[in-house]
*Asks:* 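One structure, pasted below without further comment.
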Number of protein chains: 4
Amino acid sequence: MSKEDSPEPPRKAGRPRSEKARAAALAAAYAILKEKGFARVTVEAVASRAGIGKPTIYRHWANARELAMAALMAHGAIQPGKAAQDTADDDPIIALEDQLVAMTARFATPAGRQVALMVAAADSSSELTKSFRNQVIGQSRETARALLTRAVETGRLRADFDMEIALDLLHGPIFYRLLVGHLPLDEGFCRKLISACLRGLEFG
Amino acid sequence: MSKEDSPEPPRKAGRPRSEKARAAALAAAYAILKEKGFARVTVEAVASRAGIGKPTIYRHWANARELAMAALMAHGAIQPGKAAQDTADDDPIIALEDQLVAMTARFATPAGRQVALMVAAADSSSELTKSFRNQVIGQSRETARALLTRAVETGRLRADFDMEIALDLLHGPIFYRLLVGHLPLDEGFCRKLISACLRGLEFG
Amino acid sequence: MSKEDSPEPPRKAGRPRSEKARAAALAAAYAILKEKGFARVTVEAVASRAGIGKPTIYRHWANARELAMAALMAHGAIQPGKAAQDTADDDPIIALEDQLVAMTARFATPAGRQVALMVAAADSSSELTKSFRNQVIGQSRETARALLTRAVETGRLRADFDMEIALDLLHGPIFYRLLVGHLPLDEGFCRKLISACLRGLEFG
Amino acid sequence: MSKEDSPEPPRKAGRPRSEKARAAALAAAYAILKEKGFARVTVEAVASRAGIGKPTIYRHWANARELAMAALMAHGAIQPGKAAQDTADDDPIIALEDQLVAMTARFATPAGRQVALMVAAADSSSELTKSFRNQVIGQSRETARALLTRAVETGRLRADFDMEIALDLLHGPIFYRLLVGHLPLDEGFCRKLISACLRGLEFG
DNA sequence: GTCTAACCGAGACGGTACGTCGTGTCTTATT
DNA sequence: AATAAGACACGACGTACCGTCTCGGTTAGAC
């Protein structure tokens, strides 16, 4: 509510209140996203709710989709948290399975599906899109990568596979079912999927 | 697949729907789709171009997206054709690889990505959506299913795997890269993917 | 009231029009008129409510306005009734005043204003319009005409005035205020109006 | 009549409304009114012809009828001009007669009838409607009021009548015939009407 | 007793217009 | 110099009725 951030007097001529406006926009966008869904995150609605001007929004983001992505990122709404760590096991394979099941559970909701759809529908050339995509799918990939690496190191898996392919093999079918919707996406599928993948990654 | 109307001739009252109007709408929608892209397939533009009324379009389709899907289906723009058959080989594994590579090539274009996105973004509860999804992904799955079955029968693959999981394993990563775009989708990826899958499906 | 022009037997072939359908249309139109107002008396709404087809309505009336007028006439909703007779007095002038006050009270309501507006807005060349107009304004004019005649005969008024002008003088200002709405239309106005008509503006 | 904004400068935020857009809308509406008639003055047609957006029109006027009224007012198409003054006579009664005959002639046309109908059909609670009504009927009433006052002052008329009633007595029958259409509205009627107003119906 | 013409309900047709929403740009007054 | 406020041109939305036109199915008078 106070105007000056005390540790950093803006020092510019004029009044660069833009950080406040930016935060208000992100908060409003996030609130609308939660309450009304992605489709209702319009520039007009956000500007009105945040009490800021539309041009101010356009100065920060190219359009409403980018604003929605930024809002999700700013609120850390995508990051899995560290729940995966809690189930950490000596066996990296079991940990991997738990981690993928948890990720699937997070995405297999209307909101999760929307987030995946936002990634799919976004303009790939935008930096913000890349960043958003990285937040949405990167965390799980990195966790899985670490676990696979450990599994290789401990001799649980053989070493002659392409890591990126392996990650796509584990994640691809989940997002495929999530987005295409031809068959249900549940824990049973998830476990059978991992099992099938591993038969290819394990020693014969 | 089949449309049984034999047991139930619907006995509709009133003037029947004009097949001419329907065809004009589909043709106009398809033309706009090709010329201007999916986003320009609006009900207004289609009605204007087809010389029909907007309400007539709404009588046939719920919204512009469904109309666009119907237009693509009506023009057989999605079906792979039977080119895959030409490359049929005695070896079902090689045929499978060829078929997936061909499918990937078809989708790894702006238009192909757009079609996949339409499937992902569509309302899953609509019959038309299901039909569209079936056209988009069904053909490849059926072909792959037949080839996998043959491979099992000829002893090239073991028989104890879940067929749907196997199909998801083959197709999922392709659509994952197509829609998420985190890594390139090319023939090399495709072949390495199949190889990785098969190591899990083959006899140890 | 009767349909048959006696000198011209219509000699019609084919199925005659259904009196039932006609009555259903009028009843539905009247019901909508009462419930939702004149503007909602659309051909579609009437057809739907009456359970008849739109073309059937168009066979009977040229458009929704004529149908609405016909509905009002069929239900006798316009005719003043004979209340005026109850107050009949020996003095035709007093009776005239009572009658005009009563008529004003009937029209000075939203519904009455609507009826007057329908007359004003109707296509004057239509027979139905003339008939409707006659029902709306004719009764009062005829009553007033009789009372004025009696007043002349009994020596209460002089005889050298134009009867139609006199009737317009008595009714015109009422409908003027009713339709134009520049000043309130109440009983006080009505009585002062009659008094002014009788006295004139000049010195006696 | 006067619009006081001096005590309250409205202190509006945001971009002010474009006078250019407003003028373009009024000009287009007026042109359509003249060329095609009142019924064709639709918001869509005006927006298209004026090269402005529909929402802009809705920002300025509540609907097409108000826009049409505003267009007529803006172009002074209703005001009688001061032609009546030219015929000004020493005798206010003759001047009054001339003025009413002139007004009748202006209204006894399809366009004039349409204007009167617009007044009758308009939403009385709207400010614009009141203003329009004032333009349509106010001028004639004011002129007549002045002439009657002069006639009283010069002893031509007695002074004990209600002025508003007198004005309604003179104008009401004209608008009554104009809108109801039961009898012709011509100069003869007009002159006889005035005569009857002045003399009254009773014996002197 | 058919024939058959005009009716009936239902409802789709091409249209026109509605009033709303959202886009991305712009203009103005304020700070 | 950036802001909030909000108007702007544009385009599309989905709906309501219009008045017309099939449909398949009565219905009653004419043959």
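Below, all heavy atoms of this structure are taken into account, side chains as well, without hydrogens, waters or symmetry copies. Below, chain A is the first sequence line, B the second, and so on; all start at residue 1.
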*Asks:* Walk along nucleotides 10-16 of chain E from 5' to 3' and tag each nucleotide B, S or - by protein heavy-atom contact under 4.0 Å, base first, then sugar-phosphate.
*Replies:* BBBBSB-
*Asks:* If each of C:R65 and B:V41 is mapped to the nucleotide of DNA chain F with the nearest heavy atom, which maps nearer the 5' terminus, i.e. the 5' end?
*Replies:* B:V41
*Asks:* Taking the side chain as every heavy atom from C-beta outward, state whether D:N63 and D:V43 have any atom pair closer than 4.5 Å.
*Replies:*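 The answer is no, as the side chains (C-beta and beyond) never meet within the 4.5 Å cut-off.
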*Asks:* Would you say that B:L26 contacts B:W61 through its side chain, given a criterion of any heavy-atom pair below 4.5 Å between the two side chains?
*Replies:* yes
*Asks:* Starting from the 5' end of DNA chain F, give me the residue, C:N63 or B:V43, whose nearest nucleotide shows up first.
*Replies:*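 Its nucleotide being nearer the 5' end, the pick is B:V43.
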*Asks:* Between A:T129 and A:S124 (side chain of the first, backbone of the second, donor and acceptor by atom type, cut-off under 3.5 Å), is there such a pair?
*Replies:* no
*Asks:* Quickly work out the A:F38 CZ to E:dG22 P distance and round it to whole Å.
*Replies:* 13 Å
*Asks:* For C:E35, is there an ion pair with C:R49 - N to carboxylate O distance below 4.0 angstrom?
*Replies:* yes
*Asks:* Rounded to whole angstrom units, what separation is found between the CH2 atom of C:W61 and the P atom of F:dG19?
*Replies:*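 Checked: the CH2 to P distance equals 15 Å.
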*Asks:* With B:L128, which of B:R133, B:M69, B:R65 fulfils side chain to side chain contact (heavy atoms under 4.5 Å, CB included)?
*Replies:*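 Exactly one pass, corresponding to B:M69.
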*Asks:* Using atom OH of D:Y58 as one end and atom P of E:dG22 as the other, report the distance to the nearest whole Å.
*Replies:*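 These atoms are roughly 17 Å apart.
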*Asks:* Within this structure, what is the CD-to-C1' distance between A:E66 and E:dG24, rounded to whole angstrom?
*Replies:* 14 Å
*Asks:* Using a 4.0 Å heavy-atom cut-off, does B:A45 contact any base of the nucleic acid, only the sugar-phosphate backbone, or nothing at all?
*Replies:*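 Result for B:A45 = nothing.
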*Asks:* Taking C-beta and beyond as the side chain, do B:R59 and B:S18 meet within less than 4.5 Å on heavy atoms?
*Replies:* no
